[in-house]
Amino acid sequence: ELANRMTERSSDVVKALMKLGVMATITQTIDADTAELIVTEFGHTIKRVTEGDVEIGIEGDTDTEGDLLPRPPVVTIMGHVDHGKTSLLDALRATDVVAGEAGGITQHIGAYQVTMPSGHKITFLDTPGHAAFTEMRARGANVTDIVVLVVAANDSIMPQTIEAINHAKAAGVPIIVAINKIDLPDANPNKVRQDLLQHEIVLEEMGGDTMAVELSAKKKINLDKLEETILLQAEMLNLRANPNRRANGTVVEAKLEQGRGNVATVLVENGTLRVGDIFVAGAESGRVRALLDDRGNSVKQALPGQPVEVLGLQGAPEAGDKINVVEDDARAREIAAYRARKKREQAAASIARRTNSLEQMIAAAKEGEKTTLPVVIKADVHGSVEAIAGSLQKISEDNPDVMVRVLHSGVGGITESDIILAKASNAMIIGFNVRANAQARTLAERDGVNIRYYSIIYNIIDDAKAILSGMLAPNL
Ligand code: GDP
């Protein structure tokens, strides 16, 4: 890479390194001082770039109050399998008032936008489920403003409903409850309301602050009411952006397509993205060759909150990657190279992290006011889950400076979803008389998530106390 930047041959650079006594291979990383010596040796000028320098100017320019205009909310739909997430996404999509006039075939691009009769717009990410949501968050992309939690009125709260609640809570994203399937004779919306209480979701009609809408995705009942509720929630969140600046956003989907090359669906977060713009998406650079909306229509620009397909990427970015429009090609290449290097370093660090994730967890926990230990609890029976959560929460009664935060708990083995949640929130996983499945183990190893197995509750409490007081050495 260094040779590349100097437009010198890599073998010459390796030779020069050898002269300095550094026996490096072509792909080896060298430290900054050595690199500086080499660059001088070859007669080039050096510009030292720090962490901040590279990204500054793309995220750094701040908007003033006057620049900001309301933007559409970005919504993710979550809930238990078969409760109607896909049906609701389809039904909501069909409420779009401009669809009729503009025509075009519905394209799946990972997100779509609905315009309401009032002219207001709502953007839906159409990959339902909490795994996708939390995976994005683990990668630093918090694109969702509001979670719509679908609960079938004939089935009420189920395990994945609880998971979804906990994932949304961990992300600090407000929830709107869609009580679905009210057309069914055995629908019991009141039971849903009651059951939600046990998970600390108190609906407005019960004196709380979570909004809920009874609806039927299948019979298209109350879809407008849900949309109005989303807009109401969005208004409270005061979502705004500045359309008059260079765009930045997040990649929500990316693929390589025959005949079209690398295609990414981008959710514009700030600024306006235009055809011809030069950009970096993750560690890839490019120039916008074409923009397509969620109906496959070619558009010239995309505004904040709008999802578009972007053509013109050199390589394939990943979902969750940041995209930024920059002033020129040179800048785009510089940032792309910097991000590529950072990615490699992170990959290397994640291997190292396997051994010290506990230390990091303690360090992260101490940054807060209270020393907090976030945990995910999985156990073989419901009684154990409650007993463990209860005893862990009691720790702060003895010592008010510390607390255990239970992000999620449930009956059953440790799954990938648990690992993703733990990773995103830097939490430890407690397995009580249960194990992690193979996929979860692989993921935990890759991401350096700490899983601990127990069969005696007392030991959990002891360990938690020890971790909280920072006394437990890692890897015990
Ligand atoms: P998902 O797994 O959460 O995406 O659920 P789907 O959208 O695939 O729906 C699961 C099943 O429930 C399908 O057979 C739907 O037709 C049905 N369904 C969805 N919404 C409703 C509804 O409002 N009323 C009734 N009666 N059935 C529904």
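In listed order, ligands and their atoms are each counted from 1. Values below: all heavy atoms of this structure, side chains included; hydrogens, waters and symmetry mates excluded.
- In summary, the atoms of ligand 1 found under 4.0 Å from a heavy atom of His80, numbered by their order in the structure, are 3 (O).
- Looking at Glu214, its side chain never comes within 3.5 Å of a backbone N or O of Ile221 through a donor-acceptor pair.
- Atoms CG and NZ, on Asp183 and Lys220 in that order, are 11.5 Å from each other to the nearest 0.5 Å.
- Ionic pairing of Lys121 and Asp96 is not present here: no N-O contact between side-chain nitrogen and carboxylate oxygen is shorter than 4.0 angstrom.
- With a 4.0 Å heavy-atom cut-off, ligand 1 is reached by the backbone of Lys218 and by its side chain too.
- At a 4.0 Å heavy-atom cut-off, ligand 1 touches Asp183 through the side chain alone.
- Shown in contact with Val81 at under 4.0 Å from a heavy atom are these atoms of ligand 1, numbered in order with element: 2 (O).
- Residue Thr86 touches ligand 1 through backbone and side chain together, judged by heavy-atom distances below 4.0 Å.
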Worksheet item: Should Tyr112 and Phe124 be marked as a ring pair (Phe, Tyr, Trp, His ring centres under 6.0 Å) after you check the CA-CA gap, both sets of side-chain angles, and the distance that decides it?
Response: CA-CA 5 Å; Tyr112 65 81; Phe124 292 94; 5.5 Å; yes
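- In this structure a side-chain-to-backbone donor-acceptor pair under 3.5 Å is missing from Thr265 to Val308.
- Salt-bridge annotation for Glu269 and Lys322: present, with a side-chain N of the basic residue lying under 4.0 Å from a carboxylate O of the acidic one.
- Ligand 1 places these atoms under 4.0 Å from at least one heavy atom of Leu184: 26 (N).
- For ligand 1, the polar-atom distance check against Ala217 finds a nitrogen or oxygen pair separated by under 3.5 Å.
- Taking CD1 from Ile162 and NE2 from His167, the interatomic distance works out to 11.5 Å, rounded to the nearest 0.5 Å.
- Within ligand 1, the atoms closer than 4.0 Å to a non-hydrogen atom of Ser216 are 22 (C), 23 (O), 24 (N), numbered from 1 in the order shown.
- Heavy atoms of Lys219 stay at 4.0 angstrom or farther from ligand 1.
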